[in-house]
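Throughout, protein chains are lettered first and strands after them, A, B, ... in sequence-line order, and every chain is numbered starting at 1.
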Amino acid sequence: MSRGFDLTHPVHVPDKPALEGLESKWQARWDADGVYRFDRTRPREEVFAIDTPPPTVSGSLHVGHVFSYTHTDVVARFWRMRGRAVFYPMGWDDNGLPTERRVQNYFGVRCDPSLPYDPSFEPPAASTGSGAPRAGSRGEKPGKQPVSVSRPNFVELCARLTAEDEKAFEALWRHLGLSVDWSLSYATIGRRAQHVSQLSFLRLWRRGLAYQIEAPTLWDIDFRTAVAQAELEDRELPGAYHRISFEAPGGAVFIETTRPELIPACVALVAHPGDERYRPLFGTEVTSPLFGVRVPVKAHELADPEKGSGLAMICTFGDVTDVVWWRSLSLPVRAIIQANGTLRPIDWGAGEWTSTNAARAQQAYDQLANLSASKARTKIVELLKESGDLTGEPRPITHAVKFYEKGDRPLEIITSRQWFIKTMMFREALTTRARELRWHPAYMQARLENWIGGLAGDWCISRQRFFGVPFPLWYPVLADGTRDYDHPIAASDERLPVDPSTDVPEGFRPEQRDRPGGFAGDPDVMDTWATSSLTPQIAGGWLDDPDLFGRVFPMTVRPQAHDIIRTWLFSTLLRSHLEMDSLPWTNAAISGWVLDPDRKKMSKSKGNVVTPLGLLEEHGSDGVRYWAASGRAGADTAFDTGQMRVGRRLAIKLLNASRFVLSNPAPTGEVTAALDRGLLTGMARLVRDATADFEDYNYARVLERCESQFWFFCDDYLELVKARRYGDQGPAGAGSANTALLAALSVLLRLFAPFLPFVTEEVWSWWRAGSIHRAAWPTPGEVLPFAAEDDRAVEALQLAAAVLGEIRKKKSEEQRPLKTAVARVVVRVPEAQRHLLADAEADLRAAGLIQDLVVETAEALAVHVELAA
RNA sequence: GGGCGGUUAGCUCAGUUGGUAGAGCACCGGCUUUACACGCCGGCUGUCACAGGUUCGAAUCCUGUACCGCCCACCA
C-alpha cells in the first residue's frame, strides 16, 4: 500500500532543528530552482492570474503592506499546489506625485518642462550610489535653491531613485516569502506601462471616449494641477458665516457665506423656487457690496431655505454647487482665483467687469489683488465692516472642506483645459460589472455601487505635473502664436511611447517647436490612476505579448485594500469595460487595514510605524505571516506581536513534531488501529473543509482549523500512540501508527505550506524530494488508507483523548508528576460507546500509565481516576 | 443626510444551516514527560451592546435603539 508517504526518500532529520536562517536559505533555493516561475504554456483555464497591487516605491513599506500582501501570497500558494499555473507579478508604482516630491527633495531639483534635455546633466545634491541613505527620512536639504531641469532629465532622476527603492522592496518581499515570479515585474512609469497608457488613451480618443474641454475643474493651488473627484477628501475646518447685505429694489437682502472674498466673483443669488421670502426678487437684479456689480436673483431647486438666510451667493467658483448652478442657470464667468490660489488683478474700468461705481470697486479690489484667498478673506471682512455691509460678527462654524488627498490647502475650482475619459454614460454598465464581480467579502460590493451612484462628472485624467505618462499629442501653433487645441496631432501607434516635449510629430522638424506654423507638445501628464487602471494590460503583455495576454486575461483576482475601491478598482473596471468589453478579473479580494492599539489605521503620518524587516527578523517570516493570515478578508486587524509569537511557536512546534515523526523510521504497515483510523478520518475531513474554505478566500479559517487539528495531533494523538509506535504492541501496531503519523504529517505540512512556507519547506526537505510548494494539495481520498471515513474510529479517538485529559487533570490537581502511574481508572460510558473504549484500550492504558482500567455503563461519560501511591 | 461593517472572557478574535457559549494571549497553579523548557499539563474568566418580536428553544432570524469605525454626499 503506497500512498506516497512511504519513506522511499532518504530521511535526514537535524538534531536541533531551528527556524533561524530558513528565510535566506529557502528564498535562494526557490529562486535558483524557479519554484514560482509562471508556466506560460498552460491554457487560460489552468491559470490563476493575480493583478498584484504595485506598491508606491517612494514611500516605505510598512506593516500594512506585509499584512495584505501575505493574504494574496497565501491564496497564490494554495492555487499553485492545486495545480494551477500561478501568474503572480510584482509591479512598482513609481509614477506620480509622491515620486516627484521625493526626487525634488532628494536631488535638489525642480522640473521645468520648457527646458531642453541635457544628456550630461548631473544633479547638484546627487549622492545616489547604491547604498546611499534612503531619503525616507524626508530629509530636505534646507537652504538650497533648486536647480531647474528638463522633463526628460527629471524623469531620469525619478527612474534612478526608484530603482534603488525597488531593490529594497524586493529584498523585503523575498524575505517575507512572497511567491512572486520576479521575472514578471513591471513599473508604472516603465516603457511598457507608457506604451499601454498612451495607446489606450489614443484608442479612447479616436472613439470619442476621451475628450478635452475647457471647464471649471477641481484644482490644487500648491501642486498647481487639476485633480479628480476620486482624489478628494473632506476635512473639517473652522470657518465662519458672514452675513452680508446686497442692495435690492425693495431694500437690502442678506446672504450668508463662508467665503466673502468671492463677492467680486459673484454672478447671481439663488433661492428655492418655493421660498416665499424671496419669490418677489426672482427675475430682478441686486447689487453687490463694495463692487457694485448687478447680479440677477434666480430660483433653483437645490437652494435650501434652511441654510443660512435661504439666499445663496453663486460665485465662479466657490464650490462644486456653484458649478452646478452656474451650468444649469447659464450664468457668466467672473473668475478671480488664479492657479496659484491668489486673486488676480482686475481692471474694473476695462468693461469686462461692469460696476455701478467702478472707481470704488477698483479701490476696494486693489486691496485684495494678489492676496491668497485666506488673506483676502481677512481683508474683505475689514472692508465690509467699514462699509457697513457686514451685519454682526462672523459666526464661527466648523464645516467640511474639500481637499486634494495629498494636499495641504483647500481645493479651488479653476477653469482650465483638461482631458477627460467618459464615465457618466457608463454608470449603469459599470454597476452591472460590479455585480458580476465576485467580492471577498461580498459586502464590499456596496462600496463600489455607492461610488458609481455618486459620480458627479467624467474622469479628469490630465495633470499639470511632470513625472508621469505624457499625452502622446502635439498641437499646431497658429500664425498668431496660439495653439489650435481643436486639432491635436497624435503620435502614430508604432512610435509609442513618445514624449511630446522632446519628440517631434511626423511631418515637422525640431526647430518648429513652439513656433508659428509649427507645433507644441501637450505639456500635461496623465493621472497616475490612468496608468494604474491598466495594470492587467501592462502586466499581462496586452500589446507586446498577445499569447501571454490570452492566457492571463481576464485575471483571476484583484487583491487590494478597501480605501482604493473608488480609485484603482473602479478605474480598472472602467478601462477594461471600455477597452476589452469585459471584467478585468473575476474576483476582488479586499483586505483590511492594520490598526494600532488605539484602533487607528497604522500609517507613517501617525508616527507609529514598525519597520517590517525588524518584525520579520524578530518573529520570523512565518510568525509574521501567521499573524497576517489570521486577518479575515476585508477585516481591519489589530497589530499584535503576541500573535506573531504564537505563529513562531507554531513553526517551532512543526519542527519538533516532525522530528519526532521522522526520527524513528520504523516500517510502515496497514492502518488497523482505531485511533490511527480516527486520526486519518479527521485529517480527510480537515482537508475537505480547508479546500472549500480556501476556494472561498477564507484563508483565515483554514489556518485556524489546521492549527487546532495540529495541536490535537501533538497533544493527544501523539501521546496516545507513542508507546505503540515504539513497538509495545508488536510490529503490526507500530506499522499502523507509523503509516498514520507519516500520512498526517504529510497532509499537515502541505496544509500549512501556504501560511508557513519556510518551516514547511524545511521539514519537507528532510524526507521528501522537491519543493513542498510544488507538491499537490492534499485530497480527502489520499489520506484515507481505507475505503471510507470511519466515524466509529473518530469517536474512539475523541473518547480516548477525553479519558487521557481526565487523568492529566487528576495529576495536576494533586500536583503529581505526569509520569505518575494510575492505579485504577473507572470509565463510565453509555452502553453504545463501550466498544469504542475497547478499540482504544491498549493505547489508553499505555499513554495513561494505567494499571487497572474498568469500564462501566452509565447515562453520561464520567471518569474516575485513582493515582498510584 | 445616505450606505456598509462592528459590538461575544481583562486583550485579540472564532462561533458554517437556530439546539447546554469557544480558542489563543494574559493571569494563576503544577510538571525535566526518551519531539519540543523556544517546552508540557491543568485551572480561573461571560447579562454574547440594549429593547422588543418570531420560536419549544436565539450570540445566531426579524424590528428598533445606542455606541465605535469606514465609505459616500449639491455642508451657500
Verify ring pair (Phe, Tyr, Trp, His ring centres under 6.0 Å) between A:Y626 and A:F758, making sure each step is shown before the conclusion. CA-CA 12 Å; A:Y626 170 90; A:F758 294 103; over 10 Å; no
How does RNA chain B read in dot-bracket, base by base from 5' to 3', with Watson-Crick or G-U pairs under 3.5 Å and | used when the partner is on another strand? (((((((..((((.....[..)))).(((((.......))))).....(((((..]....))))))))))))....
Looking only at N and O atoms, is any donor in the side chain of A:N656 or the base of B:C38 less than 3.5 Å from an acceptor on the other one? no
Using 30° and 60° as the class limits, which term best fits the ring planes of A:W325 and A:H300: parallel, tilted or perpendicular? perpendicular
Determine whether the aromatic ring centres of residues A:H562 and A:W593 are separated by less than 6.0 angstrom. yes
Determine the Euclidean distance between corresponding C1' atoms of B:C74 and B:C11; express it in Å to zero decimal places. 45 Å
Does the Lys NZ or Arg CZ of A:R725 fall within the cation-pi geometry relative to A:F660 - under 6.0 Å from the ring centre and within 45° of the axis? yes
Let's test your reading of the model: under 3.5 Å, does the base of B:G43 pair with the side chain of A:S812 as donor and acceptor? no
Considering only the P atoms, how many Å lie between B:C13 and B:U20, rounded to the nearest integer? 26 Å
Distance between the P atoms of B:U17 and B:C28, in whole angstroms? 38 Å
Establish, with yes or no, whether the OP1 or OP2 oxygen of B:C74 is under 4.0 angstrom from a side-chain nitrogen or oxygen of A:K402. yes
For the residue pair A:F713 and A:F710, does the interplanar ring angle fall in the parallel (under 30°), tilted (30 to 60°) or perpendicular (over 60°) class? parallel
Check whether any side-chain nitrogen or oxygen of A:K653 sits under 4.0 Å from OP1 or OP2 of B:C40, and answer yes or no. yes
What class does the angle between the rings of A:W627 and A:F639 fall in, given that below 30° is parallel, 30 to 60° is tilted and above 60° is perpendicular? perpendicular
Integer angstrom distance from the P of B:A51 to that of B:G5: 24 Å
Sticking with atom C1', work out how far B:A21 lies from B:A58, rounded to a whole angstrom. 12 Å
